[in-house]
Amino acid sequence: LFKTHAYTPTGHGNFDTYTFHWDNIRFDGPRLQPYDVHQANDVVYLQANGDRPVGDMQTVAIDLPESRPNPVLFGQLHGALNGQVHLSINGGEAIPVHPDEYPLDDCVSGEWRDWKSFRLPLNPDWLQTGENNLTWTVGPRPTCAADQDWWDGYSVKFLQVQLDGGEDRSIVFEDRFQSNSR
């Protein structure tokens with residue numbers, strides 16, 4: 001159980017400070033290979049006031065120290081219509097990016113407040129050491145949204161490239177967790 005709350009906000013004026021509490025945390029899932037994360041400094045914001053013309057673009061950069069096998073692009077999409085999220089890496093051919101699900105009529109990634117994760121394995125040949133430009137484009141409106149009141153455009157946040165072979169941090173995490181638990 002994880003819980004966040006404020007202690008006696010009206011009695012002590014604690015309106016802005018929240019605390020986190022946890023107990024009996026255990027993870028029995030698989031032990032994953034360590035990986036390094038390299039993040040974009042910008043959010044892709046192709047939703048301006050909820051609607052953007054088809055063909056609008058935004059480029060963000062991610063710096064990579066070296067090429068490694070099995071790179072993966074990870075992020076979260078907001079308001080993405082099925083087939084409308086297009087990505088070109090370093091000027092390459094545009095590829096579609098899909099969230100893990102399109103829960104609304106298999107057409108849109110969620111209501112206006114929902115963010116949906118995506119994980120896209122990348123071809124290592126698409127990437128280069130140093131700056132990598134990721135150009136996002138609003139693709140054609142899908143037929144599933146022809147009679148719907150959904151806007152064109154989307155946003156992407158938490159955009160990162162994950163590279164195999166990072167530092168194994170599991171022991172550091174366990175030590176820190178044990179010293180901070182209550």
Nearest heavy-atom contact between Lys116 and Ser109 is CG-O, 2.8 Å
Rounded to the nearest 0.5 Å, the CG atom of Leu163 sits from the CD atom of Gln160 at a distance of 10.5 Å
Looking at every non-hydrogen atom in both residues, tell me the closest pair between Asp100 and Phe118 and how far apart they are. OD1-CA, 3.9 Å
Would a 4.5 Å heavy-atom cut-off, applied to side chains only, mark Pro99 and Gln76 as touching? no
All heavy atoms of Met57 vs all of Thr135, minimum pair found to be SD-CG2, 4.1 Å
CG of Leu127 to CD of Glu66: how many Å apart, nearest 0.5 Å? 12.0 Å
Hydrophobic clusters here meaning ILVMFWY residues chained together by side-chain heavy-atom distances under 4.5 Å, can you tell me if Val138 and Val60 are in one? yes
Could you list the donor-acceptor pairs under 3.5 angstrom formed between side-chain atoms of residues 79-90 and any protein atom two or more places apart in sequence or on another chain?
| unit_1 | atom_1 | unit_2 | atom_2 | d |
| --- | --- | --- | --- | --- |
| Asn82 | ND2 | Asp106 | O | 3.2 |
| Gln84 | NE2 | Gly139 | O | 3.0 |
| Gln84 | NE2 | Asp152 | OD1 | 2.8 |
| His86 | NE2 | Gly83 | O | 2.9 |
| Ser88 | OG | Gly92 | N | 3.3 |
| Ser88 | OG | Gly92 | O | 2.5 |
| Asn90 | OD1 | Asn133 | N | 2.8 |
| Asn90 | ND2 | Trp126 | O | 2.9 |
| Asn90 | ND2 | Asn132 | OD1 | 2.8 |

When rounded to the nearest 0.5 Å, the distance separating OG1 of Thr137 from OH of Tyr154 is 6.0 Å
With distance as the sole criterion, is a donor-acceptor pair present between the side chains of Gln47 and Ser155 under 3.5 Å? yes
Run Gln162 and Asp36 through side-chain contact (heavy atoms from CB on, under 4.5 Å) and show every step you take. CA-CA 6 Å; Gln162 301 170 349; Asp36 285 331; over 6 Å; no
How many angstroms lie between atom CZ of Arg119 and atom CZ of Phe74, to the nearest 0.5 angstrom? 9.5 Å
Could you check if a side-chain atom of Leu73 sits within less than 4.5 angstrom of a side-chain atom of Leu159, using non-hydrogen atoms only? yes
Measuring from atom CG of Asn70 to atom CG of Leu122, what distance do you get when rounded to the nearest 0.5 angstrom? 10.5 Å
Restricting to non-hydrogen atoms, name the atom on Thr129 and the atom on Pro65 that form the minimum distance, rounded to 0.1 Å. CG2-O, 3.2 Å
Does a side-chain heavy-atom distance below 4.5 Å link Tyr102 with Cys107? no
Would you call the rings of His78 and Trp115 parallel, tilted or perpendicular, where under 30° means parallel and over 60° means perpendicular? tilted
Side chains of Tyr35 and Val161, heavy atoms from C-beta outward: is any pair under 4.5 Å? no
Roughly how far, to the nearest 0.5 Å, is CG of Leu134 from CD of Gln58? 11.0 Å
Less than 4.5 Å apart, side chain to side chain, heavy atoms only: is that true for Leu46 and Trp136? yes
